[in-house]
Amino acid sequence: MSFPSVEKQLEVIKRGTVEILPEEELVGKLQKSTKDGKPLRIKLGCDPTRPDLHLGHSVILRKLRQFQDLGHHAILIIGDFTALIGDPSGQNKTRPSLSADEIRKNANTYLEQAGKVLDLDKLEIVYNADWLGKMSFEDVIRLSSKLTVARMIERDDFSKRYQNNEPISLHEFLYPLAQGQDSVHLKSDVELGGTDQKFNLLVGRHLQQLDKQPPQVCLMMPLLVGTDGTHKMSKSYDNYIGIDENPNDMYGKVLRIPDNLIYNWFELLTDVEVEKLAFYKKKAESDPRDAKHDLAFVITEMYHGKTAAEEARNHFEQTVIKKEMPEDALVLSFEPGTKQRLIDIISNTGFTSSNGETKRLMKQGGVSVNDEKITDMNFELTFTSESEFQLKVGKRNFAILRSE
RNA sequence: GGGGGGAUACCAAAGUGGCCAACUGGGGCAGACUGUAAAUCUGUUGGCGUAAGCCUUCGCAGGUUCGAAUCCUGCUCCCCCCA
(Lines give C-alpha, C1' and ligand atoms only; values in the text may rest on other atoms or scores of the structure.)
Protein backbone atom coordinates (compact mmCIF):
# COMPACT_ATOMS: atom_id res chain seq x y z
CA MET A 1 0.00 0.00 0.00
CA SER A 2 1.43 3.35 -0.93
CA PHE A 3 0.25 6.76 0.15
CA PRO A 4 0.78 10.28 -1.06
CA SER A 5 3.48 12.14 0.83
CA VAL A 6 2.70 13.10 4.39
CA GLU A 7 2.75 16.77 3.38
CA LYS A 8 0.26 16.18 0.61
CA GLN A 9 -1.94 14.18 2.93
CA LEU A 10 -1.86 16.88 5.57
CA GLU A 11 -2.87 19.46 3.02
CA VAL A 12 -5.95 17.46 2.14
CA ILE A 13 -6.76 16.54 5.70
CA LYS A 14 -6.46 20.07 7.00
CA ARG A 15 -8.72 21.63 4.42
CA GLY A 16 -11.59 23.20 6.28
CA THR A 17 -10.57 21.59 9.55
CA VAL A 18 -11.07 23.57 12.73
CA GLU A 19 -8.86 21.65 15.09
CA ILE A 20 -6.76 18.53 15.19
CA LEU A 21 -5.96 17.24 18.66
CA PRO A 22 -3.04 16.77 18.85
CA GLU A 23 -1.71 17.60 15.43
CA GLU A 24 1.78 16.21 16.05
CA GLU A 25 0.27 12.85 16.82
CA LEU A 26 -1.51 12.86 13.51
CA VAL A 27 1.75 13.59 11.72
CA GLY A 28 3.34 10.72 13.62
CA LYS A 29 0.55 8.35 12.71
CA LEU A 30 0.74 9.35 9.06
CA GLN A 31 4.48 8.82 8.97
CA LYS A 32 4.18 5.46 10.60
CA SER A 33 1.42 4.33 8.28
CA THR A 34 3.42 5.40 5.25
CA LYS A 35 6.46 3.55 6.52
CA ASP A 36 4.56 0.37 7.36
CA GLY A 37 2.27 0.63 4.36
CA LYS A 38 -0.63 0.32 6.75
CA PRO A 39 -3.72 2.49 6.41
CA LEU A 40 -5.02 4.40 9.42
CA ARG A 41 -8.37 3.47 10.89
CA ILE A 42 -10.63 6.46 10.56
CA LYS A 43 -13.80 6.43 12.61
CA LEU A 44 -16.96 8.36 12.07
CA GLY A 45 -20.10 7.73 14.01
CA CYS A 46 -23.49 8.57 12.62
CA ASP A 47 -26.74 9.10 14.34
CA PRO A 48 -29.58 7.18 12.75
CA THR A 49 -32.29 9.06 14.62
CA ARG A 50 -32.82 11.41 11.73
CA PRO A 51 -32.32 9.87 8.36
CA ASP A 52 -32.40 12.97 6.22
CA LEU A 53 -28.92 14.09 5.39
CA HIS A 54 -28.19 17.62 4.35
CA LEU A 55 -25.14 19.49 3.18
CA GLY A 56 -24.17 20.09 6.80
CA HIS A 57 -23.65 16.38 7.25
CA SER A 58 -21.77 16.21 3.99
CA VAL A 59 -18.93 18.27 5.44
CA ILE A 60 -17.83 15.50 7.74
CA LEU A 61 -18.71 12.74 5.30
CA ARG A 62 -16.56 14.42 2.70
CA LYS A 63 -13.69 14.51 5.15
CA LEU A 64 -14.06 10.78 5.62
CA ARG A 65 -14.15 10.38 1.86
CA GLN A 66 -10.92 12.33 1.58
CA PHE A 67 -9.28 9.88 3.96
CA GLN A 68 -10.62 7.06 1.79
CA ASP A 69 -9.13 8.63 -1.30
CA LEU A 70 -5.80 8.97 0.46
CA GLY A 71 -5.85 5.23 0.98
CA HIS A 72 -6.94 5.00 4.60
CA HIS A 73 -9.50 2.70 6.09
CA ALA A 74 -12.82 4.37 6.79
CA ILE A 75 -15.18 2.95 9.37
CA LEU A 76 -18.70 4.24 9.62
CA ILE A 77 -20.43 3.39 12.84
CA ILE A 78 -24.16 3.25 12.71
CA GLY A 79 -25.04 4.29 16.22
CA ASP A 80 -28.01 2.02 16.52
CA PHE A 81 -27.29 1.44 20.17
CA THR A 82 -26.34 4.99 21.10
CA ALA A 83 -29.50 6.12 19.35
CA LEU A 84 -31.30 4.76 22.37
CA ILE A 85 -29.77 7.67 24.20
CA GLY A 86 -29.62 10.39 21.61
CA ASP A 87 -26.54 12.57 21.52
CA PRO A 88 -26.94 15.44 23.95
CA SER A 89 -24.26 17.46 22.16
CA GLY A 90 -25.42 20.93 21.31
CA GLN A 91 -28.91 20.04 22.33
CA ASN A 92 -31.10 21.90 24.71
CA LYS A 93 -33.48 19.03 24.99
CA THR A 94 -33.38 15.36 25.74
CA ARG A 95 -33.60 13.53 22.47
CA PRO A 96 -36.45 11.12 22.02
CA SER A 97 -35.49 7.48 22.01
CA LEU A 98 -36.45 5.55 18.92
CA SER A 99 -37.54 1.98 18.51
CA ALA A 100 -35.10 -0.54 17.09
CA ASP A 101 -37.23 -0.83 13.99
CA GLU A 102 -37.22 2.86 13.21
CA ILE A 103 -33.50 2.97 13.76
CA ARG A 104 -32.86 0.12 11.31
CA LYS A 105 -34.97 1.84 8.73
CA ASN A 106 -33.28 5.17 9.26
CA ALA A 107 -29.88 3.56 9.04
CA ASN A 108 -30.66 2.22 5.59
CA THR A 109 -31.86 5.59 4.37
CA TYR A 110 -28.76 7.11 5.84
CA LEU A 111 -26.45 4.77 3.98
CA GLU A 112 -28.29 5.33 0.75
CA GLN A 113 -27.69 9.05 1.02
CA ALA A 114 -24.21 8.84 2.47
CA GLY A 115 -23.31 6.71 -0.53
CA LYS A 116 -23.50 9.84 -2.63
CA VAL A 117 -20.46 11.12 -0.78
CA LEU A 118 -18.60 8.06 0.47
CA ASP A 119 -17.00 5.24 -1.46
CA LEU A 120 -19.21 2.46 -0.19
CA ASP A 121 -17.06 -0.27 -1.71
CA LYS A 122 -14.19 0.65 0.55
CA LEU A 123 -16.25 1.46 3.60
CA GLU A 124 -16.47 -0.70 6.67
CA ILE A 125 -19.90 -0.36 8.20
CA VAL A 126 -20.46 -1.46 11.76
CA TYR A 127 -23.34 -1.27 14.20
CA ASN A 128 -22.41 -0.40 17.73
CA ALA A 129 -25.21 -2.47 19.22
CA ASP A 130 -22.99 -5.40 18.26
CA TRP A 131 -20.67 -4.67 21.12
CA LEU A 132 -22.39 -2.10 23.31
CA GLY A 133 -25.50 -4.25 23.45
CA LYS A 134 -23.53 -7.11 24.85
CA MET A 135 -22.11 -5.22 27.80
CA SER A 136 -23.36 -6.31 31.18
CA PHE A 137 -24.54 -3.93 33.85
CA GLU A 138 -21.26 -4.55 35.58
CA ASP A 139 -19.37 -3.50 32.45
CA VAL A 140 -21.39 -0.32 32.34
CA ILE A 141 -20.64 0.46 35.96
CA ARG A 142 -16.95 -0.05 35.37
CA LEU A 143 -17.07 2.12 32.29
CA SER A 144 -18.90 4.91 34.03
CA SER A 145 -16.37 4.96 36.83
CA LYS A 146 -13.87 6.33 34.34
CA LEU A 147 -15.35 9.77 34.12
CA THR A 148 -16.34 12.15 36.88
CA VAL A 149 -19.57 14.06 37.21
CA ALA A 150 -17.60 17.27 37.49
CA ARG A 151 -16.08 16.72 34.06
CA MET A 152 -19.40 15.80 32.64
CA ILE A 153 -21.33 18.83 33.80
CA GLU A 154 -18.66 21.30 32.83
CA ARG A 155 -19.75 20.67 29.28
CA ASP A 156 -21.53 23.63 27.80
CA ASP A 157 -24.69 21.89 26.75
CA PHE A 158 -25.21 20.25 30.11
CA SER A 159 -24.36 23.23 32.26
CA LYS A 160 -26.58 25.49 30.18
CA ARG A 161 -29.51 23.17 30.45
CA TYR A 162 -28.92 22.78 34.13
CA GLN A 163 -28.88 26.51 34.68
CA ASN A 164 -32.02 27.01 32.64
CA ASN A 165 -33.94 24.51 34.69
CA GLU A 166 -34.13 22.16 31.77
CA PRO A 167 -34.12 18.46 32.38
CA ILE A 168 -31.03 16.33 31.92
CA SER A 169 -31.66 12.65 32.14
CA LEU A 170 -29.08 10.46 33.75
CA HIS A 171 -28.72 8.23 30.72
CA GLU A 172 -27.45 11.15 28.70
CA PHE A 173 -24.26 10.99 30.71
CA LEU A 174 -23.70 7.60 29.19
CA TYR A 175 -23.58 8.89 25.65
CA PRO A 176 -20.01 10.13 25.59
CA LEU A 177 -18.92 6.98 27.37
CA ALA A 178 -20.64 4.79 24.84
CA GLN A 179 -19.15 6.71 21.95
CA GLY A 180 -15.74 6.49 23.59
CA GLN A 181 -16.16 2.79 24.06
CA ASP A 182 -16.68 2.53 20.31
CA SER A 183 -13.20 3.92 19.80
CA VAL A 184 -11.75 1.41 22.24
CA HIS A 185 -13.54 -1.42 20.49
CA LEU A 186 -12.51 -0.34 17.00
CA LYS A 187 -9.01 0.76 17.93
CA SER A 188 -9.45 3.86 15.87
CA ASP A 189 -6.51 6.07 14.92
CA VAL A 190 -8.54 9.12 14.09
CA GLU A 191 -12.08 10.07 14.90
CA LEU A 192 -13.93 12.71 12.97
CA GLY A 193 -16.60 14.93 14.37
CA GLY A 194 -18.11 18.39 14.35
CA THR A 195 -16.81 20.96 16.79
CA ASP A 196 -19.76 20.13 19.01
CA GLN A 197 -18.32 16.63 19.29
CA LYS A 198 -15.09 17.68 20.94
CA PHE A 199 -15.99 16.39 24.35
CA ASN A 200 -17.19 13.06 23.04
CA LEU A 201 -14.10 12.59 20.90
CA LEU A 202 -11.80 13.38 23.80
CA VAL A 203 -13.57 10.85 25.97
CA GLY A 204 -12.71 8.26 23.34
CA ARG A 205 -9.07 9.26 23.61
CA HIS A 206 -9.23 9.08 27.37
CA LEU A 207 -10.77 5.60 27.39
CA GLN A 208 -8.28 4.29 24.86
CA GLN A 209 -5.43 5.52 27.03
CA LEU A 210 -6.87 3.75 30.05
CA ASP A 211 -7.09 0.66 27.85
CA LYS A 212 -3.38 1.05 26.98
CA GLN A 213 -4.12 1.71 23.34
CA PRO A 214 -2.49 4.41 21.26
CA PRO A 215 -5.12 7.12 21.64
CA GLN A 216 -7.02 8.41 18.65
CA VAL A 217 -6.45 11.80 17.13
CA CYS A 218 -9.54 13.97 17.25
CA LEU A 219 -10.34 15.92 14.13
CA MET A 220 -13.02 18.55 14.32
CA MET A 221 -14.83 20.01 11.36
CA PRO A 222 -16.79 23.24 11.58
CA LEU A 223 -20.54 23.15 11.73
CA LEU A 224 -21.77 24.36 8.40
CA VAL A 225 -23.69 27.60 8.60
CA GLY A 226 -27.11 27.17 7.06
CA THR A 227 -28.82 29.14 4.32
CA ASP A 228 -29.97 31.75 6.85
CA GLY A 229 -26.35 32.72 7.37
CA THR A 230 -26.53 32.58 11.15
CA HIS A 231 -27.40 29.19 12.58
CA LYS A 232 -25.73 25.90 11.92
CA MET A 233 -27.47 24.01 9.19
CA SER A 234 -30.17 21.87 10.64
CA LYS A 235 -33.62 20.69 10.00
CA SER A 236 -35.09 22.39 13.02
CA TYR A 237 -33.99 25.81 11.78
CA ASP A 238 -35.23 24.96 8.32
CA ASN A 239 -32.07 26.42 6.86
CA TYR A 240 -30.86 23.26 5.22
CA ILE A 241 -30.32 21.85 1.78
CA GLY A 242 -30.96 18.14 1.62
CA ILE A 243 -28.55 15.81 -0.15
CA ASP A 244 -31.61 14.31 -1.76
CA GLU A 245 -33.09 17.61 -2.74
CA ASN A 246 -34.14 18.09 -6.35
CA PRO A 247 -31.73 20.08 -8.54
CA ASN A 248 -33.95 23.14 -8.88
CA ASP A 249 -34.40 23.62 -5.17
CA MET A 250 -30.79 22.84 -4.48
CA TYR A 251 -29.59 25.43 -6.96
CA GLY A 252 -32.06 28.03 -5.77
CA LYS A 253 -31.35 27.52 -2.12
CA VAL A 254 -27.62 27.91 -2.60
CA LEU A 255 -28.25 31.25 -4.28
CA ARG A 256 -30.10 32.38 -1.22
CA ILE A 257 -27.14 32.22 1.13
CA PRO A 258 -25.57 35.48 2.25
CA ASP A 259 -22.58 36.55 0.18
CA ASN A 260 -20.11 36.20 3.03
CA LEU A 261 -20.74 32.47 3.11
CA ILE A 262 -19.76 31.82 -0.49
CA TYR A 263 -16.11 31.06 0.10
CA ASN A 264 -16.79 29.01 3.19
CA TRP A 265 -19.16 26.79 1.26
CA PHE A 266 -16.71 26.37 -1.59
CA GLU A 267 -14.12 25.21 0.91
CA LEU A 268 -16.30 22.85 2.88
CA LEU A 269 -18.73 21.51 0.33
CA THR A 270 -16.95 21.22 -2.97
CA ASP A 271 -14.04 19.43 -4.54
CA VAL A 272 -12.69 22.58 -6.11
CA GLU A 273 -8.98 22.21 -5.78
CA VAL A 274 -6.97 24.33 -3.42
CA GLU A 275 -5.51 26.61 -6.13
CA LYS A 276 -8.94 27.35 -7.52
CA LEU A 277 -10.26 28.15 -4.05
CA ALA A 278 -8.15 31.27 -3.90
CA PHE A 279 -9.68 32.36 -7.18
CA TYR A 280 -13.18 31.94 -5.83
CA LYS A 281 -12.28 33.74 -2.67
CA LYS A 282 -11.51 36.83 -4.75
CA LYS A 283 -14.48 36.33 -6.99
CA ALA A 284 -16.81 36.05 -4.01
CA GLU A 285 -15.88 39.62 -3.18
CA SER A 286 -15.56 41.19 -6.57
CA ASP A 287 -18.45 39.41 -8.22
CA PRO A 288 -20.62 37.71 -5.63
CA ARG A 289 -23.46 37.10 -8.02
CA ASP A 290 -21.46 35.00 -10.46
CA ALA A 291 -19.45 33.35 -7.71
CA LYS A 292 -22.66 32.25 -6.09
CA HIS A 293 -24.03 30.92 -9.34
CA ASP A 294 -20.79 28.99 -9.78
CA LEU A 295 -21.16 27.59 -6.30
CA ALA A 296 -24.77 26.61 -6.88
CA PHE A 297 -23.76 24.95 -10.10
CA VAL A 298 -20.85 23.02 -8.64
CA ILE A 299 -22.89 21.74 -5.72
CA THR A 300 -25.86 20.76 -7.85
CA GLU A 301 -23.52 19.05 -10.28
CA MET A 302 -21.94 17.03 -7.47
CA TYR A 303 -25.22 15.45 -6.50
CA HIS A 304 -27.14 15.42 -9.75
CA GLY A 305 -24.68 15.64 -12.62
CA LYS A 306 -23.88 18.29 -15.15
CA THR A 307 -27.04 18.16 -17.22
CA ALA A 308 -29.30 18.52 -14.22
CA ALA A 309 -27.20 21.41 -12.96
CA GLU A 310 -27.54 23.19 -16.29
CA GLU A 311 -31.25 22.68 -16.27
CA ALA A 312 -31.48 23.97 -12.73
CA ARG A 313 -29.60 27.09 -13.73
CA ASN A 314 -31.98 27.71 -16.61
CA HIS A 315 -34.95 27.05 -14.41
CA PHE A 316 -33.76 29.61 -11.92
CA GLU A 317 -33.10 32.24 -14.56
CA GLN A 318 -36.46 31.68 -16.09
CA THR A 319 -38.63 31.65 -13.00
CA VAL A 320 -36.84 33.93 -10.59
CA ILE A 321 -34.95 36.40 -12.74
CA LYS A 322 -37.26 36.63 -15.73
CA LYS A 323 -40.30 35.51 -13.77
CA GLU A 324 -41.46 33.37 -16.64
CA MET A 325 -43.22 30.04 -16.74
CA PRO A 326 -40.83 27.19 -16.21
CA GLU A 327 -40.85 24.31 -18.65
CA ASP A 328 -41.82 21.82 -16.00
CA ALA A 329 -44.91 23.69 -14.87
CA LEU A 330 -47.87 21.67 -13.80
CA VAL A 331 -50.32 21.14 -16.65
CA LEU A 332 -54.02 20.79 -15.93
CA SER A 333 -56.69 19.95 -18.44
CA PHE A 334 -60.25 21.19 -18.45
CA GLU A 335 -63.20 20.27 -20.57
CA PRO A 336 -64.12 22.94 -23.08
CA GLY A 337 -67.29 24.72 -22.17
CA THR A 338 -66.73 24.52 -18.44
CA LYS A 339 -66.48 27.44 -16.13
CA GLN A 340 -64.67 27.32 -12.81
CA ARG A 341 -63.85 29.66 -9.99
CA LEU A 342 -60.14 30.43 -9.77
CA ILE A 343 -60.19 29.75 -6.03
CA ASP A 344 -61.41 26.22 -6.59
CA ILE A 345 -58.87 25.55 -9.30
CA ILE A 346 -56.03 26.66 -7.06
CA SER A 347 -57.32 24.59 -4.16
CA ASN A 348 -57.26 21.55 -6.41
CA THR A 349 -53.63 22.09 -7.39
CA GLY A 350 -52.43 21.65 -3.84
CA PHE A 351 -50.37 24.84 -4.10
CA THR A 352 -52.10 26.10 -0.98
CA SER A 353 -53.26 24.23 2.05
CA SER A 354 -56.65 25.86 2.52
CA ASN A 355 -59.11 28.12 0.83
CA GLY A 356 -58.32 30.74 3.41
CA GLU A 357 -54.70 30.70 2.33
CA THR A 358 -55.69 31.00 -1.31
CA LYS A 359 -57.82 34.02 -0.54
CA ARG A 360 -55.09 35.61 1.45
CA LEU A 361 -52.67 35.13 -1.42
CA MET A 362 -55.11 36.65 -3.86
CA LYS A 363 -55.74 39.62 -1.63
CA GLN A 364 -52.01 40.20 -1.40
CA GLY A 365 -51.49 40.06 -5.11
CA GLY A 366 -49.79 36.70 -5.09
CA VAL A 367 -51.96 35.13 -7.73
CA SER A 368 -51.84 35.94 -11.39
CA VAL A 369 -53.35 34.59 -14.58
CA ASN A 370 -51.54 35.39 -17.82
CA ASP A 371 -49.37 37.89 -15.92
CA GLU A 372 -52.34 39.77 -14.58
CA LYS A 373 -52.87 39.91 -10.86
CA ILE A 374 -56.22 38.59 -9.80
CA THR A 375 -57.62 39.92 -6.56
CA ASP A 376 -61.30 39.25 -7.14
CA MET A 377 -62.36 36.26 -5.05
CA ASN A 378 -65.10 35.38 -7.47
CA PHE A 379 -62.95 35.44 -10.57
CA GLU A 380 -63.97 32.67 -12.91
CA LEU A 381 -62.23 31.06 -15.83
CA THR A 382 -64.23 29.97 -18.82
CA PHE A 383 -62.73 27.28 -20.97
CA THR A 384 -63.47 27.32 -24.66
CA SER A 385 -62.00 24.79 -27.04
CA GLU A 386 -58.76 26.75 -27.45
CA SER A 387 -58.24 28.17 -23.97
CA GLU A 388 -54.88 28.21 -22.28
CA PHE A 389 -54.12 30.13 -19.12
CA GLN A 390 -50.85 30.60 -17.32
CA LEU A 391 -51.38 30.51 -13.58
CA LYS A 392 -48.90 31.69 -11.00
CA VAL A 393 -49.52 31.16 -7.31
CA GLY A 394 -47.01 32.74 -4.96
CA LYS A 395 -43.41 32.85 -6.05
CA ARG A 396 -42.80 29.31 -6.95
CA ASN A 397 -45.94 27.64 -8.12
CA PHE A 398 -46.79 27.61 -11.78
CA ALA A 399 -49.45 25.82 -13.73
CA ILE A 400 -50.76 25.80 -17.26
CA LEU A 401 -54.51 25.38 -17.54
CA ARG A 402 -55.72 24.28 -20.92
CA SER A 403 -58.80 22.86 -22.56
CA GLU A 404 -58.77 19.33 -23.70
C1' G B 1 -40.75 12.07 51.61
C1' G B 2 -41.94 17.61 52.08
C1' G B 3 -42.63 22.48 49.73
C1' G B 4 -43.04 25.65 45.42
C1' G B 5 -43.64 26.70 40.09
C1' G B 6 -45.41 25.43 35.24
C1' A B 7 -48.27 23.27 30.64
C1' U B 8 -51.24 28.86 25.45
C1' A B 9 -51.06 28.53 18.05
C1' C B 10 -44.71 26.25 14.04
C1' C B 11 -41.24 28.12 18.25
C1' A B 12 -40.73 31.64 22.28
C1' A B 13 -43.98 34.38 25.21
C1' A B 14 -48.39 37.80 26.97
C1' G B 15 -53.30 37.23 28.56
C1' U B 16 -56.04 35.44 34.47
C1' G B 17 -64.53 35.82 33.53
C1' G B 18 -67.08 39.06 28.23
C1' C B 19 -63.61 44.09 23.95
C1' C B 20 -59.76 36.76 22.59
C1' A B 21 -59.05 33.26 16.91
C1' A B 22 -56.06 35.25 21.45
C1' C B 23 -50.60 41.17 22.57
C1' U B 24 -45.56 40.78 21.04
C1' G B 25 -40.97 38.63 18.95
C1' G B 26 -38.87 34.82 15.83
C1' G B 27 -40.10 31.83 11.79
C1' G B 28 -43.33 31.12 7.47
C1' C B 29 -46.00 33.22 3.36
C1' A B 30 -47.04 37.45 -0.02
C1' G B 31 -46.11 42.43 -2.24
C1' A B 32 -42.42 46.26 -3.42
C1' C B 33 -37.39 46.48 -4.34
C1' U B 34 -32.97 43.63 -5.89
C1' G B 35 -27.62 40.15 -9.07
C1' U B 36 -30.51 36.79 -5.72
C1' A B 37 -35.47 32.81 -3.42
C1' A B 38 -30.35 37.66 0.49
C1' A B 39 -30.99 42.47 3.08
C1' U B 40 -34.73 46.22 3.78
C1' C B 41 -39.76 48.11 3.98
C1' U B 42 -45.07 46.80 4.03
C1' G B 43 -48.85 43.35 4.65
C1' U B 44 -50.29 38.65 6.32
C1' U B 45 -50.19 34.12 9.44
C1' G B 46 -56.88 28.30 12.64
C1' G B 47 -61.06 26.11 9.28
C1' C B 48 -65.56 26.97 6.14
C1' G B 49 -67.81 31.21 3.64
C1' U B 50 -67.77 36.47 -1.88
C1' A B 51 -69.48 38.52 2.66
C1' A B 52 -72.40 38.92 7.09
C1' G B 53 -71.42 35.08 9.92
C1' C B 54 -70.61 30.16 11.61
C1' C B 55 -67.32 26.18 13.51
C1' U B 56 -62.88 24.31 16.14
C1' U B 57 -58.53 25.84 19.31
C1' C B 58 -55.24 27.80 25.05
C1' G B 59 -52.15 19.83 28.69
C1' C B 60 -56.66 15.96 29.47
C1' A B 61 -61.67 15.01 31.58
C1' G B 62 -65.64 17.01 34.01
C1' G B 63 -68.21 21.29 36.59
C1' U B 64 -69.82 26.61 37.86
C1' U B 65 -71.74 30.74 34.76
C1' C B 66 -76.09 34.06 30.26
C1' G B 67 -70.73 33.73 28.96
C1' A B 68 -64.24 30.64 30.54
C1' A B 69 -57.65 30.30 27.84
C1' U B 70 -59.16 32.82 32.37
C1' C B 71 -63.05 30.29 38.33
C1' C B 72 -63.79 25.08 40.75
C1' U B 73 -62.78 19.50 40.91
C1' G B 74 -60.09 15.29 39.31
C1' C B 75 -56.20 13.42 36.12
C1' U B 76 -51.54 13.42 33.13
C1' C B 77 -46.81 15.40 32.14
C1' C B 78 -42.66 18.75 33.31
C1' C B 79 -39.25 21.97 36.27
C1' C B 80 -37.02 23.85 40.87
C1' C B 81 -35.87 23.83 46.13
C1' C B 82 -35.31 21.09 50.84
C1' A B 83 -34.35 15.99 52.60
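Order of the sequence lines fixes the chain letters, A, B, ..., with proteins taken first and strands second; residue numbering starts at 1 for each chain.
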(message) Taking the C1' atom in each of B:C23 and B:C19, what is the distance between them to the nearest angstrom?
(response) 13 Å
(message) Test: side-chain hydrogen bond (donor to acceptor under 3.5 Å, both in side chains). Region: residues 113-123 of chain A. Which pairs qualify, not counting sequence neighbours?
(response) A:K116-A:D244
(message) With rounding to the closest Å, how many angstrom separate the C1' atoms on B:U57 and B:A7?
(response) 15 Å
(request) Could you run through nucleotides 22-38 of chain B and give me one letter per nucleotide, 5' to 3': B if any protein heavy atom sits under 4.0 Å from the base, S if only the sugar-phosphate is that close, - if neither? (result) --------SSS-BBBBS
(message) I need the full list of side-chain hydrogen bond (donor to acceptor under 3.5 Å, both in side chains) pairs touching residues 338-349 of chain A, with sequence neighbours left out, sorted by first then second residue.
(response) A:R341-A:D344, A:S347-A:N355
(message) Once side-chain hydrogen bond (donor to acceptor under 3.5 Å, both in side chains) is applied, what residue pairs with a partner in residues 393-403 of chain A remain, sequence neighbours excluded?
(response) A:E388-A:R402
(request) Give every residue pair that meets the salt bridge (charged side-chain N to carboxylate O under 4.0 Å, His left out) criterion with at least one member in residues 246-255 of chain A, sequence neighbours excluded. (result) A:E245-A:K253
(request) Tell me, please, which residues at least two apart from A:F383 pass ring pair (Phe, Tyr, Trp, His ring centres under 6.0 Å). (result) A:F334, A:F389
(request) Can you sort out which residues in residues 301-311 of chain A have a heavy atom within less than 4.0 Å of RNA chain B? Ascending by number, please. (result) none
(request) Would you check if the distance from the ring center of A:F3 to the ring center of A:H72 is below 6.0 Å? (result) yes
(message) Quick test of your reading: applying salt bridge (charged side-chain N to carboxylate O under 4.0 Å, His left out), list the pairs with at least one residue in residues 3-14 of chain A, sequence neighbours left out, ordered by first then second residue.
(response) A:K8-A:E11, A:K14-A:E23
(request) State which residues pass ring pair (Phe, Tyr, Trp, His ring centres under 6.0 Å) with A:H293; sequence neighbours excluded, sorted by chain then number. (result) A:Y251, A:F316
(message) Give the dot-bracket line for RNA chain B from 5' end to 3' end: parentheses for intra-strand Watson-Crick or G-U pairs under 3.5 Å, square brackets for crossings, | for inter-strand pairing, dots for unpaired.
(response) ((((((((.[[[..)..(.....]]]((((((.......))))))(((....)))...[[[[[..)....]]]]]))))))).
(request) Write out all pairs satisfying salt bridge (charged side-chain N to carboxylate O under 4.0 Å, His left out) with one or both partners inside residues 349-373 of chain A, taking only residues at least two apart or from two chains. (result) none
(message) Once side-chain hydrogen bond (donor to acceptor under 3.5 Å, both in side chains) is applied, do any residues pair with A:Q66, and if so which ones, sequence neighbours excluded?
(response) A:K63
(message) Can you check the distance between B:G35 and B:A39, where both ends of the measurement are the C1' atom (answer in whole Å)?
(response) 13 Å
